[in-house]
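We name chains A, B, ... by the order of the sequence lines, and we start the count at 1 in each one.
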Amino acid sequence: MAIVDSPVVQDIPAAEVPDPNEDLYHAKSWVTKYLFCQDAKVIAIQYSCTALGIGLLGLVLSWVMRLQLGFPEVFSFIEPAHYYQFITMHGMIMVIYLLTALFLGGFGNYLIPLMLGARDMVFPYVNMLSYWVYLLAVLVLIASFFVPGGPTGAGWTLYPPQAILSGTPGSDGGIILMLVSLSLFIVGFTMGGLNYVVTVLQARTRGMTLMRMPLTIWGIFTATVHALLAFPALFVGAIMMTLDRLLETSFFMPVISEMGEILSYEGGSPLLFQHLFWFFGHPEVYIVALPAFGIVSDLLSVHARRHVFGYRMMVWAIVIIGALSFIVWAHHMYVSGMNPWFGFFFATTTLIIAVPTALKVYNWTLTLWRANIRLTLPMLFGLAFIITFVNGGITGLFLGNVAIDVPLSDTLFVVAHFHMVMGIAPILVVFGAIYHWYPLMTGRMLDEGLGKFHFWVTFLGSYIIYLPMHYLGFIGVPRRYFEMGETTFIPESAQDLNAFMTIVTLIVGFAQLVFLYNLITSRKNGVEAGPNPWKATSLEWQTAKTPPEHGNFGKTLPVVYRWAYAYGLPNAAQDFVPQNLPPELVATHVGNQVPDTDGES
Amino acid sequence: MSESTPGAIMRPDGVEGVIADWSSDQRAFKKVPWGKAMMWIFLLSDTFIFGCFLLSYMTVRMSTTVPWPPVSDIFALSLGGEPIPLILIAIMTFVLITSSGTMVLAVNYGYRRDRAKTVLYLIITAIFGATFVGMQAFEWTKLIMDGVRPWGNPFGAAQFGSSFFMITGFHGFHVSVGVLFLILIARKVWKGEFDNETRGFFTSQKGRYEIVETLGLYWHFVDLVWVFIFAFFYLW
Amino acid sequence: MIVAYAILLVGIGTVVFHFVSPWWWTPIASNWGFIDDVIIITFWVTGVVFVAVVLFMAYCVYRFRYKEGQRAEYNPESKKLEIWLSVLTSVGVAIMLAPGLWAWDEFVTVPEGTAEFEVLGQQWSWMYRFPGKDGKLGKSSTKLIDDDNPFGLDPKDPNGQDDVLIEDSELHLPLNKPVKVLLRSVDVLHDFYVPELRAKMDMVPGAVTYLWFEPIRVGTFDILCFELCGTGHYDMRGSLVIEEADAFNEWFEAQSTFAETLARISPEGEIEHKIAANAAENSF
Amino acid sequence: MTEAHVEGQQHPLGVYIKVWAWLFVLSAFSYMVDYYDVQGYLRWTLILIFMILKAGLIIAIFMHMAWERLALVYAVGVPVLAVLVFTFLMTHEADYTFDTRGTFFVESAP
């Protein structure tokens, strides 16, 4: 029995479940329609706006940090304690509250039901709760800025004992609120995540097999499974650290002499937290990366007017990367003082992951081969993603290879690496995706000129920030240093480079404001998009109305006849064949959408 | 397969069936309603939570150089003069297993649309669950009277108390939530909301008897976790 | 067109930057030159992939740009190509991994008979302890730490009596003599790193970690803390002086032992007496 | 889902009662291990055997896993391996920590 349907199999199985969402409950009042809304599309937009809002705060924090690094001793208002609080909050906000929430809560909510031909998520109510708990988590996080002592400055990794001792800023209320906020985030995310997974597994439309799903869904699905299985480790770590902090239990705390005073802790293991953290933390990298992988595959395919090359390989690569990422976590801990033989195991598993990842890169570029490439904004961001991702992935091979990690760990090389690979690269995909799906969400296009400005400044700017930063890492410049002060080994020119990076950071930051402006004004002033402006094949563009209404599709759900990448089919009337176009119409049908989607027109 | 399933397809079983199911359309878990699929995946996630709790407990217990307290003696209870080791825990185990048994009956009668019996067994299950939590509260009280605190105890490694309160506390929390839901669902069954598919007040979703099975999965899971806690914490 | 050139520019620019960059690692001062070599190997393997991918992309963007009415080639997959790419990638990965693992094996396996000394980290300063003439470090406990016993050494442990204590952030080491560094922290995580040595390891409270190296170059180097340890992290500095054996011995002789510090603390000789008694007890 | 009633799990009560009884017996056995103070490897082996049997019965019968299609069984069962790997590695980590503590630290305060 074949595991996969061949990409263009035309027949569809009979229905096992007749439109399971036929009894979808439609909201009646304004409050339930727009505020406490159970429609995944509205929840998606709520998630996205909240994530982008808190992300803006993360961005501003990065400016302040860069000012201190570029021009030490100029800005006297930035004290060491503040600096550490800023890096901590910047890291945490960007990784968890922006990227995780945006990819899964935002794009996941919006695209999963639409791309699968479902009317909504399977449990809209739980899905709605998910957003509100997430919002609560964000509010608690923001609240930590206002408690005495300020937010925690323990670094986003929150390593104990340091995180809860008084030598670290924010060890009073800040760290507790951080841990509470993380726990809330996990609870909220689990509610949403269960929805995403079950919707993908159980609520697809007729003909939509797993091997016909767009890669976007594969990426988001695998990432969500990750999140459901990896967040528990962080949750447990957070609970134990809260107990250590509040009740003076000794899970992570050995005997400690703090500033000459012996504390009451005894016998705990600080490394345990690091293991728990990275058992979550490494899959977290893929929670951010896999949706980006999936989305970028679709962006490249749609705008290159060609199918994704090696679709099956791409799917299996996502699944294998996903599975392996649960046994590579300690490559973040090579110099943590853990059991030395772990180094061999984790270096091997880590470098094995490079193989499927590299294959994905090859397949993206091979998608461009003999294609018909339209250099639209989503395409540009897709191309930029490949470059940044390859660059960042390559430096990952340095850090994953245990012995090389010894001199490089905790230097700016690491900072440059992860910003390139899980900061810039996924963010470029986020931008590309927003330019791509904004017309679906609002019915209008984003402004092209502003978009081009935004693209070039963001891509080239961030590239010239992070590329040289690796080389500072080679010198041995440590990360998380408030200022370098006097050293014997860092040349003067390194400081000039730092100043340069700071200036570029501010310019890139400005471009993001232009993007926000574009996002807001195009809502009213953008060019009308009409249905399926990119001539894409996947189901989200085949809805009766653009933007789609509650229930997504018309009276009947679409029926899927083929994979999502039927571009350039030789015997078709046009260069794309929507997934739900009946086989007999392929040779004749011309138009952006399949007629009769809802049996009404 | 019933005729009410339009176009039902015969599917192969075994490993071949896994491949057939996963490569089919509409759904990967055939004959599994959404709620049940969601509960299973939630339980998987919860397994990771309890797994992490237990392995953290294992790690701290193995890495501390202070001897671990004599667990079996600490949980001994004097019944008629002689202290019997772990007797309370044994009784708690039996209570929880019994509740699992009554739960499975409730699920069964639910699918038979026997409203009265379903309610009866749900309530009995809830009572057993509440009894379990009550005994746990008693156990906590006794331990605290003996001087065991989350931050230390007179018998040995400090991590004993911290792990104990954390793990049993988290488990007890699960049981308590389960009891609440048992009562809630029992009320719904009693009012016949699953017979005429009334929409939920909050969720606006139709009520169905499969909800009893979904709740049953949760309840058995709580029992299952206790099996592991019993083995690794009390007996080890 | 512009886009293709831009991609080309980014690719070539990256390579050019790599070669002209004035920022590169510091001249090495230990036996870990092999780690640098593995980095170079990795650069070559990954560099080739990077350049190939970027050039290929630039070519595609230029050659297959949009033309109205043009149709892309429909050729969903090529097993042969994908197998070839997998095999080549695996080979590349193996080329990097093998020397990496070998280097790690060297790194964690301390040669027999290597002299030990201890680095003690605390917020936010460094201290050092050498074994005395017996070549053994005494046992310690963070609980024993007080003003008179900053290292928390066990006064009852005879091995610790002649330990040489350096309550100063300056460390001296003799040239060309391999050393095993035992790393201990009394409060939070720290990390002992001298960029010129290439070897670093975290210091974990409640455990002792280690690394080893052989100094091969005379000089004075910075010791930095490389694991975030609180507000003063960036200010936790020390210095390492690598010098010829004679100079080292001269410095070493001038330092005081644990027994001497204890004696200094109690002029009445109470503790000294106790120590003598202990030593006598244990000397048989 | 109109066909919900055919999708449920209905099984004869007898099998439940039997499993119920077995769970009692197995729990009693594992309690006996402690009561008769069995020690060493035998203790751990017995505890694990009884634990696994009990867990297996609960999952297979009470949670209906025995009657579910393998697609679901694998989907739920396989990821648990990750926890087992994690646990296995942590035993080595904990041992290592314990060893360094024994080697370098004195037991208790004076």
Asker: If I measure from the heavy atoms of chain C, does Thr395(A) come under 4.5 Å with its side chain, its backbone, both, or neither?
Answerer: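 Neither; nothing under 4.5 Å.
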Asker: Side chain, backbone, both or neither: which part of Asn75(C) has an atom under 4.5 Å from a heavy atom of chain A?
Answerer: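 Looking at Asn75(C), backbone and side chain both touch chain A.
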Asker: Cationic tip of Arg374(A) within the cone over Tyr66(C)'s six-membered ring, i.e. under 6.0 Å and within 45° of the normal?
Answerer: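 That pair qualifies as a cation-pi contact.
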Asker: Can you tell me which portion of Asn391(A) sits under 4.5 Å from chain C's heavy atoms? Options are side chain, backbone, both or neither.
Answerer: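 For Asn391(A), heavy atoms of backbone and side chain both lie under 4.5 Å from chain C.
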Asker: I need the Ile464(A) CD1 to Phe17(C) CZ distance, nearest 0.5 Å.
Answerer: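 Answer rounded to 0.5 Å: 10.5 Å.
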Asker: Of the backbone (N, CA, C, O) and the side chain (C-beta and beyond), which part of Trp341(A) lies under 4.5 Å from a heavy atom of chain C, both, or neither?
Answerer: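 It is neither, since no heavy atom gets under 4.5 Å.
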Asker: Heavy-atom distances under 4.5 Å only: say whether Tyr463(A) touches chain C with side chain, backbone, both or neither.
Answerer: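 Side chain only.
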Asker: Rounded at 0.5 Å granularity, tell me how far OH in Tyr481(A) sits from CE in Met236(C).
Answerer: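 The OH atom of Tyr481(A) sits 8.5 Å away from the CE atom of Met236(C).
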Asker: Could you check which of Cys229(C), Ser86(C), Ser90(C), Gly152(C) has the highest count of heavy-atom pairs closer than 4.5 Å to chain A?
Answerer: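 Top option by heavy-atom pairs under 4.5 Å: Ser86(C).
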Asker: Taking the six-membered ring of Tyr62(C), is NZ or CZ of Arg65(C) closer than 6.0 Å to its centre and within 45° of its axis?
Answerer: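 Arg65(C) over Tyr62(C) ring: yes.
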Asker: If you count heavy-atom pairs under 4.5 Å between each of Arg305(A), Met333(A), Arg479(A), Met484(A) and chain C, which one has the most?
Answerer: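 It is Met484(A).
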Asker: Give, as side chain, backbone, both or neither, the part of Ile262(A) having an atom under 4.5 angstrom from any heavy atom of chain C.
Answerer: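 For Ile262(A), the side chain is the part near chain C, not the backbone.
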Asker: Contact part of Ala154(A) toward chain C, heavy-atom cut-off under 4.5 Å: side chain, backbone, both or neither?
Answerer: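 The backbone, not the side chain.
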Asker: Once rounded to the nearest 0.5 Å, what's the spacing between atom CG of Leu101(C) and atom CD of Glu106(C)?
Answerer: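 Answer rounded to 0.5 Å: 12.5 Å.
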Asker: Measuring heavy-atom distances to chain C, does Pro356(A) have an atom under 4.5 Å in its side chain, in its backbone, in both, or in neither?
Answerer: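 Neither the backbone nor the side chain of Pro356(A) comes within 4.5 Å of chain C.
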Asker: When the ring planes of Tyr311(A) and Tyr565(A) are compared, do they come out parallel, tilted or perpendicular, using 30° and 60° as the limits?
Answerer: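 Tilted, since the angle between the ring planes falls between 30° and 60°.
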Asker: Between Phe309(A) and Trp369(A) (judged by ring centroids, cut-off 6.0 Å), do the two rings come close enough to count as a pair?
Answerer: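 Distance test on ring centres: not under 6.0 Å, no.
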Asker: Please classify the contact between Glu266(A) and chain C as side chain, backbone, both or neither, with a heavy-atom cut-off of under 4.5 Å.
Answerer: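 When you check distances to chain C, only side chain atoms of Glu266(A) fall under 4.5 Å.
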Asker: Does the separation of the ring centres of His233(C) and Phe482(A) fall below 6.0 angstrom?
Answerer: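 No, ring centres 6.0 Å or more apart.
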Asker: Does any heavy atom of chain A fall under 4.5 Å from the side chain of Thr209(C), the backbone, both, or neither of them?
Answerer: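 Just its side chain gets close to chain A.
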Asker: Nearest 0.5 Å, what's the CG-CD distance between Asn363(A) and Glu77(C)?
Answerer: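 Answer rounded to 0.5 Å: 9.0 Å.
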Asker: Identify which part of Thr142(C) has an atom lying under 4.5 Å from any heavy atom of chain A, answering side chain, backbone, both or neither.
Answerer: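 Both parts, backbone and side chain.
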Asker: Is chain A contacted by the side chain of Arg237(C), its backbone, both, or neither, given a heavy-atom distance below 4.5 Å?
Answerer: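 The side chain, not the backbone.
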Asker: Is it the backbone or the side chain of Val108(C) that comes under 4.5 Å from a heavy atom of chain A, or both, or neither?
Answerer: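 Looking at Val108(C), just its side chain touches chain A.
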Asker: Atom CD of Gln122(C) and atom SG of Cys225(C): how far apart are they, to the nearest 0.5 Å?
Answerer: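 One finds 12.0 Å between CD of Gln122(C) and SG of Cys225(C).
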Asker: Checking heavy atoms, do the side chain of Thr14(C), its backbone, both or neither come under 4.5 Å from chain A?
Answerer: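 Contact with chain A involves both backbone and side-chain atoms of Thr14(C).
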Asker: Name the region of Phe459(A), side chain, backbone, both or neither, that has any atom closer than 4.5 Å to a heavy atom of chain C.
Answerer: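 Contact with chain C is through the side chain of Phe459(A) alone.
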Asker: Let's test your reading of the structure: which of Ala52(C), Pro22(C), Ser78(C) forms the most heavy-atom pairs below 4.5 Å with chain A?
Answerer: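 Looking at each of Ala52(C), Pro22(C), Ser78(C) in turn, Ser78(C) comes out on top.
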Asker: When rounded to the nearest 0.5 angstrom, what is the spacing between CD1 in Ile28(C) and CZ in Arg217(C)?
Answerer: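 Result: 9.0 Å between the selected atoms.
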Asker: Do Tyr210(C) and Pro340(A) have side chains that approach each other closer than 4.5 Å (heavy atoms only, starting at C-beta)?
Answerer: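 Side chain of Tyr210(C) against side chain of Pro340(A), heavy atoms only: contact under 4.5 Å found.
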Asker: Check the orientation of Trp563(A) and Tyr74(C). Use parallel for under 30°, tilted for 30 to 60°, and perpendicular for over 60°.
Answerer: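 Perpendicular, since the angle between the ring planes exceeds 60°.
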Asker: Based on non-hydrogen pairs under 4.5 Å, which of Leu81(C), Thr89(C), Ile7(C) is most in contact with chain A?
Answerer: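 Going by pairs under 4.5 Å, I would pick Thr89(C).
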Asker: Is the distance between the ring centroids of Phe474(A) and Phe413(A) under 6.0 Å?
Answerer: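 Yes, they do, as the ring centres are separated by less than 6.0 Å.
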Asker: Considering only heavy atoms and a distance below 4.5 Å, find which of Val188(C), Asp222(C), Thr220(C) pairs most often with chain A.
Answerer: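 The answer is Asp222(C).
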Asker: So, do His470(A) and Phe398(A) have ring centers that fall under 6.0 Å from each other?
Answerer: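 No, ring centres 6.0 Å or more apart.
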Asker: Can you say whether Phe50(C) sits under 4.5 Å from chain A via the side chain, the backbone, both, or neither, judging by heavy atoms?
Answerer: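 Its backbone and side chain both get close to chain A.
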Asker: Among the options Pro205(C), Gly206(C), Ala103(C), pick out the one with the most heavy-atom pairs lying under 4.5 Å from chain A.
Answerer: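 Of the options given, most contacts go to Pro205(C).
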Asker: Name the region of Ser269(A), side chain, backbone, both or neither, that has any atom closer than 4.5 Å to a heavy atom of chain C.
Answerer: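 Neither the backbone nor the side chain of Ser269(A) comes within 4.5 Å of chain C.
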Asker: Examine whether an atom of Thr367(A) lies under 4.5 Å from a heavy atom of chain C, and if so say whether it belongs to the side chain, the backbone or both; otherwise answer neither.
Answerer: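 Thr367(A) has no heavy atom closer than 4.5 Å to chain C.
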Asker: Under 4.5 Å heavy-atom distance to chain C, tell me which part of Leu383(A) shows up: side chain, backbone, both or neither.
Answerer: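 Both backbone and side chain of Leu383(A) come within 4.5 Å of chain C.
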Asker: Out of Ile404(A), Asn401(A), Val402(A), Asp405(A), which residue meets the side-chain contact (heavy atoms from CB on, under 4.5 Å) rule with Trp104(C)?
Answerer: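 The passing option is Val402(A).
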Asker: With a 4.5 angstrom heavy-atom cut-off, which part of Met338(A) approaches chain C: side chain, backbone, both or neither?
Answerer: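 Neither part, no heavy atoms under 4.5 Å.
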Asker: Just so I understand: if I count every heavy-atom pair under 4.5 Å between each of Val45(C), Asp36(C), Asp105(C) and chain A, which residue has the most?
Answerer: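 Ranked by heavy-atom pairs under 4.5 Å with chain A, first place is Asp105(C).
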Asker: Less than 4.5 Å to any heavy atom of chain C: does that hold for the side chain of Pro169(A), its backbone, both, or neither?
Answerer: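 Both parts, backbone and side chain.
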